[in-house]
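Atoms considered below: every heavy atom in the structure, side chains included; atoms not considered: hydrogens, waters and symmetry mates. Here the structure is a predicted model, which means the values were calculated and not measured.
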Amino acid sequence: MTIEMMIPLLVLATPVALVALALRFVRQQTEARYRTLLQLADKGVDLPLTVLAEQHQPHADRRRGLVLLCGGIGLMLSLLVLPVQSDEGQQLADLWGLGLLPVMLGLGYLSNWWLDQRAGDMRGT
């Protein structure tokens with residue numbers, strides 16, 4: 001593998017590694033929370049239901065949607081711009097459509113956030 005192929009692979013692998021680290025951190029936090037709850041339950045402490053429920057952030061869908069949308073657009077642009085070509089003549093720019101998946105997921109999250117906002121306005125909350 002040549003250096004011309006290693007640099008784009010490293011550029012594309014860096015965000016994947018960062019996401020993996022972030023997900024690992026969130027998992028460790030969740031495990032520590034549940035371990036603490038189990039220890040309290042073993043001691044016989046009455047736990048309120050609010051402690052047991054997962055916390056829902058009010059604008060999480062908007063944030064997720066924007067991150068996925070921008071990430072997908074960035075992936076498409078970076079695949080279009082990287083000048084990598086295989087020995088058979090295939091270019092990396094031919095894979096730009098891979099960015100459509102996060103773009104569509106982001107649009108779905110944004111539309112869900114918009115519909116939730118609209119339903120909340122109709123209820124008067």
Side-chain angles (χ1 to χ4, degrees):
M1 192 174 279
T2 63
I3 191 71
E4 290 86 19
M5 291 186 75
M6 291 296 291
I7 291 173
L9 288 177
L10 183 64
V11 167
L12 292 175
T14 302
V16 173
L18 290 174
V19 168
L21 284 173
L23 289 175
R24 182 175 177 225
F25 176 73
V26 168
R27 189 192 83 221
Q28 286 176 342
Q29 276 188 329
T30 304
E31 286 177 357
R33 181 174 175 258
Y34 284 128
R35 250 186 267 117
T36 304
L37 289 174
L38 282 174
Q39 289 172 352
L40 290 172
D42 286 341
K43 291 181 183 179
V45 175
D46 289 332
L47 300 173
L49 292 177
T50 57
V51 174
L52 297 176
E54 292 288 331
Q55 300 296 324
H56 178 70
Q57 297 174 351
H59 298 291
D61 285 340
R62 181 180 63 180
R63 184 181 54 83
R64 277 190 203 110
L66 289 173
V67 167
L68 284 169
L69 184 66
C70 293
I73 291 171
L75 178 64
M76 286 192 297
L77 291 176
S78 64
L79 286 174
L80 283 171
V81 172
L82 289 174
V84 176
Q85 188 171 359
S86 68
D87 296 333
E88 294 86 29
Q90 296 288 335
Q91 290 185 339
L92 194 59
D94 296 338
L95 299 175
W96 69 270
L98 291 175
L100 286 176
L101 177 65
V103 166
M104 292 301 150
L105 287 172
L107 289 174
Y109 273 117
L110 284 174
S111 58
N112 184 39
W113 168 77
W114 181 75
L115 290 171
D116 282 347
Q117 293 291 106
R118 196 167 159 210
D121 289 345
M122 286 182 169
R123 284 189 302 249
T125 57

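In this structure, OG in Ser111 is found 9.5 Å from CG in Asp116, a value given to the nearest 0.5 Å. Atoms CG and CD, from Asn112 and Gln117 in turn, are 10.5 Å apart once rounded to the nearest 0.5 Å. Between atom OG1 of residue Thr36 and atom CG of residue Leu40 there is a gap of 7.0 Å, rounded to the nearest 0.5 Å. To the nearest 0.5 Å, atoms CG (Leu107) and CG (Leu69) are separated by 5.5 Å. In this structure, CD on Gln28 lies 5.0 Å from CZ on Arg24, to the nearest 0.5 angstrom. The CD1 atom of Ile73 sits 10.0 Å away from the CG atom of Leu100 when rounded to the nearest 0.5 Å.
Residues Tyr109 and Met104 do not share a hydrophobic cluster, clusters being chains of Ile/Leu/Val/Met/Phe/Trp/Tyr side chains in contact below 4.5 Å. If you chain together hydrophobic residues whose side chains sit under 4.5 Å apart, Leu82 and Leu75 fall into the same group. When hydrophobic clusters are built by joining Ile, Leu, Val, Met, Phe, Trp and Tyr residues whose side-chain heavy atoms come closer than 4.5 Å, directly or via intermediates, Val45 is grouped together with Leu37. Leu9 and Met76 are assigned to two separate hydrophobic clusters, defined by single-linkage of ILVMFWY side chains at heavy-atom distances under 4.5 Å. Under the 4.5 Å side-chain heavy-atom criterion for grouping Ile, Leu, Val, Met, Phe, Trp and Tyr, Val19 is not connected to Leu98 through any hydrophobic cluster.
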Take Asp94 and Gln91, measure what side chain to side chain contact (heavy atoms under 4.5 Å, CB included) needs, and give me the verdict at the end. CA-CA 6 Å; Asp94 296 338; Gln91 290 185 339; 4.2 Å; yes
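A side chain to side chain contact (heavy atoms under 4.5 Å, CB included) with Leu68 is found for one member of Leu105, Val103, Leu101 and no other, namely Leu105.
Looking at every heavy atom in both residues, Gly72 comes nearest to Pro102 through CA-CG, 3.6 Å. Across every non-hydrogen atom of Ser78 and Leu12, the tightest pair is OG-CD2, 4.2 Å.
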